[in-house]
There are 2 protein chains.
Amino acid sequence: MATLRDIAKLAGVDVSTVSRALNNSQRVRTELKEKIQKIAKKMNYVPNASAYSLKKRINRLIALVLPSIKFSGGEFYQEILRGINEFVEEYQFAILLSNYSGRNSAFVRVVRENRVDGGIIIGDIFNNNELKELDALNLPLIVVNQRVDFKLKNIIDVYSDNIMGAGILAEHLIKVHERKKILFIGGGEDYQTSQDRVKGFTKTITGKNIQYEITNGQFEQGPSSGYSIVKDMIKQKKFIFDAILAASDTLAIGAMRACFEERIRVPEDVSIVGYDNIQATNYFRVPITSVDPSALHMGQKAGEFLLKWVTEKTEPRERNLKVTPHLIIRKSCGCS
Amino acid sequence: MATLRDIAKLAGVDVSTVSRALNNSQRVRTELKEKIQKIAKKMNYVPNASAYSLKKRINRLIALVLPSIKFSGGEFYQEILRGINEFVEEYQFAILLSNYSGRNSAFVRVVRENRVDGGIIIGDIFNNNELKELDALNLPLIVVNQRVDFKLKNIIDVYSDNIMGAGILAEHLIKVHERKKILFIGGGEDYQTSQDRVKGFTKTITGKNIQYEITNGQFEQGPSSGYSIVKDMIKQKKFIFDAILAASDTLAIGAMRACFEERIRVPEDVSIVGYDNIQATNYFRVPITSVDPSALHMGQKAGEFLLKWVTEKTEPRERNLKVTPHLIIRKSCGCS
DNA sequence: CTGAAAGCGCTTACAG
DNA sequence: CTGAAAGCGCTTACAG
């Protein structure tokens with residue numbers, strides 16, 4: 001690997017001049033600059049990242065933190081990653097992958113080793129204490145997929161408007177398909193996304209003379225959670241419904257299976273809608289209507305803001321970035 | 001951030017002594033060593049990664065290269081990532097994410113900047129020229145999910161035995177369910193995994209008096225590809241089959257939909273089996289029998305071998321690591 | 001415009 | 001066992 005010294009020797013100048021030439025400084029004669037740049041190119045010179053970082057205190061590296069040690073979650077994270085990467089590439093940065101589960105996490109280590117200039121951390125289940133600990137790392141940080149309701153010095157949040165998204169779904173069931181008895185299946189109390197979807201649902205139906213029942217499923221369990229809730233509901237005849245709004249697509253998939261088994265026709269007897277717009281919504285005879293939370297867009301916003309923040313070294317003025325979800329109409333709601 | 005100098009000042013010794021103490025060198029008085037370590041701990045000292053790298057020429061960082069700019073592919077890559085990460089954490093390394101699509105890729109840049117000590121690159125569609133270019137980077141590299149049939153100085157491969165996996169499926173259809181007319185749906189000529197699955201299929205059925213037809217679907221298209229192939233096959237009555245072996249689960253999902261629509265019962269009339277063991281195989285009334293290629297295990301092997309390789313600086317003796325796939329029996333084959 | 005020098009924060013061969 | 005010095009490959013303030 002060629003270094004500045006090698007180039008300097010060949011060009012017959014000092015390394016400092018080479019450095020200036022390659023950084024396109026005004027203070028080098030154009031002619032000489034071009035000569036040096038040519039030599040560098042011929043030698044395939046690429047600056048050593050460690051030396052650069054050590055001197056400039058810039059790593060051109062951001063951390064991406066996936067939730068829990070498991071890197072689970074599928075397409076959703078990939079979309080966010082794609083969005084982030086657009087800007088990472090544009091700025092010639094790179095992404096360092098790590099995980100966070102408290103003080104001794106890999107993420108904290110790389111931060112304290114000064115490896116990264118900023119971080120993007122995928123949220124949904126951080127509590128205020130954890131957010132404060134993250135803020136204390138003193139690193140520009142963006143939390144994606146979670147609203148942060150109080151002001152933190154080093155944290156910006158980017159999230160999808162789940163209240164709105166659930167509202168759109170409820171509205172669609174009521175206005176377009178004239179449903180009047182809606183079963184809501186939540187994803188768990190720990191998830192802010194689930195809570196917000198509940199909020200959006202109740203907010204939208206109140207005052208509209210709609211009967212409803214709110215049940216609590218579990219995102220992590222996927223279809224089996226939606227399945228057993230709907231089975232129980234039907235068996236026990238606790239609540240007769242003509243529509244199901246599930247807080248995730250996997251819950252909706254389970255719900256739909258339960259309906260089929262009980263000879264309830266979807267969408268004729270019961271409209272079903274999900275949330276997240278995962279691929280699998282297309283895999284069924286009756287494809288599932290859903291809301292796309294715009295994960296790609298969240299990633300783009302996160303990447304854009306973080307990279308501007310760390311390269312311009314000036315704090316962004318907007319600190320709470322909300323992304324708009326979109327209704328994706330398929331057949332399970334009753335549209336054709 | 002505390003540096004060695006800060007600690008040295010407090011301890012009243014030279015930085016070199018501090019360095020030795022923190023690296024647990026024999027050549028420091030035990031008493032002094034402990035004193036220094038205590039001070040370092042109190043100051044929350046963490047060594048600066050750039051300085052360390054610059055001096056030692058070790059980055060404690062490996063690159064993970066996902067195929068194409070798209071970071072697509074879902075659960076499969078996540079499983080590999082999880083496996084890799086087990087060893088990355090154990091060795092206190094970190095993962096730098098990048099992508100490769102030829103000479104000017106982000107991956108090549110980070111390698112030339114000396115940022116990483118090794119790389120893991122997820123394959124399946126690299127041709128020999130590309131592999132040679134990668135080899136020329138002169139970096140310990142592991143290709144996952146692709147067999148490399150010729151010897152390369154800097155590349156080891158880790159792959160799942162797709163020939164065996166397809167063989168297991170064919171065997172299961174023939175021996176257990178006594179199927180005699182098998183429709184095979186491939187995933188595309190470009191994919192080594194698909195080619196190997198074809199190979200495993202044909203190898204297993206030859207000489208067993210089995211009728212078969214090999215068709216070519218497309219992995220990227222997913223269910224719609226499997227769907228249209230099966231629809232055509234039924235409509236044109238070209239080949240009457242009592243079993244379908246699809247080279248991926250998404251192809252199998254489409255195939256199953258087509259059967260349902262044509263009032264062909266699965267598994268009574270036709271056995272269907274897929275490959276990859278994705279989550280969605282469980283989402284259906286008739287869950288799909290599949291083969292798990294052991295992505296997690298591939299990741300583990302890749303992580304283990306690469307980290308040993310780069311930390312011990314001695315080339316591994318095994319250079320072609322094959323992982324064993326496993327049959328996951330569900331209902332679509334006819335088992336109950 | 002160019003060079004010589006200092007320094008980023010480490011490690012380690014060389015003295016003593 | 002400990003210190004002083006050199007050096008990894010850069011950047012940049014200081015002279016000239």
Side-chain angles (χ1 to χ4, degrees), chain A residues 1-37 39-40 43-61 92 109-117 311 313, chain B residues 1-37 39-40 43-61 92 109-117 311 313:
Chain A
M1 290 282 95
T3 68
L4 288 188
R5 278 188 76 193
D6 303 328
I7 298 171
K9 219 170 284 172
L10 266 189
V13 295
D14 189 81
V15 288
S16 53
T17 305
V18 177
S19 173
R20 289 191 195 99
L22 298 182
N23 287 307
N24 226 332
S25 157
Q26 311 290 0
R27 301 164 56 209
V28 182
R29 206 163 15 105
T30 321
E31 206 184 349
L32 181 57
K33 204 192 307 195
E34 280 166 2
K35 177 185 167 194
I36 292 173
Q37 286 171 348
I39 295 176
M43 298 181 79
N44 248 316
Y45 172 77
V46 178
N48 179 294
S50 310
Y52 179 88
S53 296
L54 182 57
K55 187 65 196 173
K56 294 268 281 184
R57 264 103 229 306
I58 297 171
N59 295 288
R60 302 202 310 275
L61 196 59
Q92 305 247 71
R109 202 186 76 232
V110 299
V111 172
R112 314 220 49 246
E113 289 173 338
N114 281 304
R115 279 179 186 255
V116 293
D117 303 324
T311 53
K313 309 222 167 212
Chain B
M1 289 282 98
T3 69
L4 287 190
R5 277 188 78 193
D6 303 328
I7 298 171
K9 218 170 285 172
L10 267 189
V13 296
D14 189 82
V15 288
S16 53
T17 305
V18 177
S19 174
R20 289 190 194 99
L22 298 183
N23 288 306
N24 226 332
S25 158
Q26 311 290 0
R27 301 163 55 210
V28 182
R29 208 161 14 103
T30 321
E31 206 185 349
L32 181 58
K33 205 191 310 196
E34 280 165 2
K35 176 185 166 194
I36 292 173
Q37 287 171 348
I39 295 177
M43 299 182 75
N44 249 316
Y45 172 78
V46 179
N48 179 294
S50 309
Y52 179 88
S53 297
L54 182 57
K55 186 65 197 172
K56 296 267 284 184
R57 261 104 230 306
I58 296 170
N59 295 288
R60 300 202 312 275
L61 196 59
Q92 306 246 71
R109 200 186 76 230
V110 298
V111 172
R112 314 220 49 245
E113 289 174 339
N114 282 303
R115 278 179 187 254
V116 294
D117 302 323
T311 51
K313 308 223 165 212

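Basis for what follows: all heavy atoms, side chains included, without hydrogens, waters or symmetry-related copies. By convention in this document, chain letters (A, B, ...) are assigned in the order of the sequence lines, proteins followed by strands, and residues within each chain are numbered from 1.
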For residues 11-22 of chain A, please give each side-chain donor-acceptor pair under 3.5 Å, one per line with the distance, not counting sequence neighbours.
from, atom 1, to, atom 2, distance (Å)
Asp14(A), OD2, Ser16(A), N, 2.8
Asp14(A), OD2, Ser16(A), OG, 2.6

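In this view, Lys35(A) satisfies the side chain to side chain donor-acceptor pair (under 3.5 Å) rule with no residue, not counting sequence neighbours. Under the side chain to side chain contact (heavy atoms under 4.5 Å, CB included) criterion, Asn114(B) pairs with Met1(A), Asn48(A), not counting sequence neighbours. Taking Gln37(A) as the reference, nothing meets the side chain to side chain donor-acceptor pair (under 3.5 Å) condition, with sequence neighbours excluded. Taking the side chain to side chain donor-acceptor pair (under 3.5 Å) definition, one finds that Arg109(B) meets it with Gln92(A), sequence neighbours left out. A search for salt bridge (charged side-chain N to carboxylate O under 4.0 Å, His left out) contacts involving Arg112(B) returns nothing, not counting sequence neighbours.
Not one N or O on the side chain of Asp117(A) forms a donor-acceptor pair closer than 3.5 Å with the backbone of Ile58(A).
Nucleotide dG9(D) holds its P atom 11 Å from the NZ atom of Lys9(A), rounded to whole Å. Computed from coordinates, the Ile58(A) CD1 to dG9(D) C1' distance equals 16 Å when rounded to whole Å. Rounded to whole angstrom, the span from the NZ atom of Lys35(A) across to the P atom of dC1(C) amounts to 17 Å.
Both Leu54(B) and Val28(B) lie near DNA chain D, and the one whose nearest nucleotide falls closer to the 5' end is Val28(B).
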Using a cut-off of 4.0 Å between protein heavy atoms and nucleotide atoms, how would you tag nucleotides 10-16 of chain D 5' to 3' with B, S and -? BBBBBB-
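Paired runs in DNA chain C that reach 3 or more consecutive Watson-Crick or G-U pairs, where each pair keeps both distances under 3.5 Å, cover C:1-3 with D:14-16, C:5-12 with D:5-12, C:14-16 with D:1-3.
Identified under the salt bridge (charged side-chain N to carboxylate O under 4.0 Å, His left out) test for residues 21-30 of chain B, with sequence neighbours left out: Arg29(B)-Glu31(B).
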